[in-house]
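Data first, discussion second: the structure below is written as structure tokens.
Letters A, B, ... are given to chains in the order of the sequence lines, protein chains preceding strands, and every chain is numbered from 1.
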Amino acid sequence: MRDRTLWTAHLGAGGLILVFLGLHMAIMHLGLTGDGLGVPGDKAIDWASVALRAQSVFFAVTYVILVGATLYHGLYGLRNILLELNPGPALRKVIDVGLSVVGLALFAFGTWTALAAPGAATTVGG
Amino acid sequence: MADARPRTVTFRVRRFEPGRDERPRWEDHRVEVTPGMTVLDGLWKVKEQSAPSLAWRSSCRMGICGSCGMLIDGRPRLACNTQVAELGSEVVAVGPLPNFDIVKDLVPDLRPMFETHRDLRPYLLRDDTEEQDDPTREYWQSPHELEEYLQFSYCIKCGCCMAACPTVATDPHYAGPMPLAQAQRYDSDSRDAGFGERREVLSGGDGPWRCHFAGECSQVCPKGVDPAKAIQLMKRDLVFDLLRLRRRKPPAAVAEAPHGLPREGIPPAPPRTVPEG
């Protein structure tokens, strides 16, 4: 039953990536936002725009969701590849625990980065 | 003027007897090809002429029984259903189906596949055992409901899909395309009520989740079944079930008696043609 749940979450994470990575690409490369934040759309990757987004709660939340979904989706895919190599039960456990620890550590780091960004942006931006 | 001499090809046959041979070896046998000759016919000629101890499994000679699955020119096929002429090569390489242990020569050990198949309970599961043991009428099913599983019921369990599956090749615990497609065949049958019981097996780590949709099983199936599609449909059903989105319908009921027809129950069986005992 556990694998069905994991696979369903994998699908869900894929859907979230589609939405939030799409949003990220639209903002960064198609210039769809900036005007709404007081920055011209064609300057989406300028420091001023980056700092402005870093102070927005909306963007902090989307970054955290994107980091979580991407980590889960990617690491679950890696787990599938590793399980195809037919590891024994002990090694299987090591893979599951190892990937979970790596995923959680990277997620914590990514979340901290997103949440610490407003202060950093203010400091660097002066 | 066309060359009237009979054409000959080389049958390169893989020989191996576990416990006696250290490793498999290839043997070459020249065989005269006649029009319409199948690989199975060629193997019989090889056995008659030069390799009497050559072993393989075959039965019906017409692509129905699924016994003669072999690796022919690098592709899993039925030997009885493959004409030598269609291969178009001077050397016909014949080996046992990969991904199985070898019993002898071209005979694969299909037991693991059939054990998994049995575990997935490939038959109608219903509560009305009395009706099933002593049927009064057929279960009602529309042509549309039949279409839901019809193509999967053409499977002859030859094992070609298992031999072609890259996941089975590396993960011996993976259920494999044949048992999974057959589980889906019954899960999608409107007369069946066994989804919940099969789900307990299918939702585990060795179920459809290991399939990464290489699609080789569907490519090689000699009966045109699409096991890869069955596995994707199974994943969808299991996910929808988890999310409480799967439509739950009671299994098809016993058909009502047709109006205006003097028909009572199942017609009696015709008289015996073979004496009893």
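Of the two parts of B:D206, only the side chain, counted from C-beta on, holds a non-hydrogen atom closer than 4.5 Å to a non-hydrogen atom of chain A.
The number of heavy-atom neighbours closer than 6.0 Å to CZ of B:R25, taken from other residues, nucleotides and ligands shown, is above 12. More than 12 heavy-atom neighbours from other residues, nucleotides or ligands sit within 6.0 angstrom of CZ on B:R126. In this structure, B:D127 places its CG atom where only 12 or fewer heavy-atom neighbours from other residues, nucleotides or ligands lie under 6.0 Å away. Heavy atoms of other residues, nucleotides or ligands lying less than 6.0 angstrom from CD of B:E130 number 12 at most. Annotation: B:F114, atom CZ; neighbour count of heavy atoms from other residues, nucleotides and ligands within 6.0 Å is above 12.
Note that CG of A:N80 and SG of B:C211 are 10.5 Å apart. Values are rounded to the nearest 0.5 Å. Note: A:T5 OG1 to B:L238 CG = 10.5 Å, rounded to the nearest 0.5 Å.
Per-residue counts of heavy-atom pairs under 4.5 Å with chain A were compared for B:H173, B:H212, B:K235; the largest is that of B:K235.
Between B:P172 and A:N86, some side-chain heavy-atom pair lies under the 4.5 Å cut-off. By the 4.5 Å heavy-atom criterion applied to side chains, B:L243 and A:T8 are counted as neighbours.
In this view, B:D171 satisfies the side-chain hydrogen bond (donor to acceptor under 3.5 Å, both in side chains) rule with no residue, not counting sequence neighbours.
Judged by distance alone, the side chain of B:T170 and the main-chain N or O of A:E84 form a donor-acceptor pair under 3.5 Å.
Heavy atoms only, all atoms of each residue included: B:R199 and A:R4 are closest at CD-NH1, 3.6 Å.
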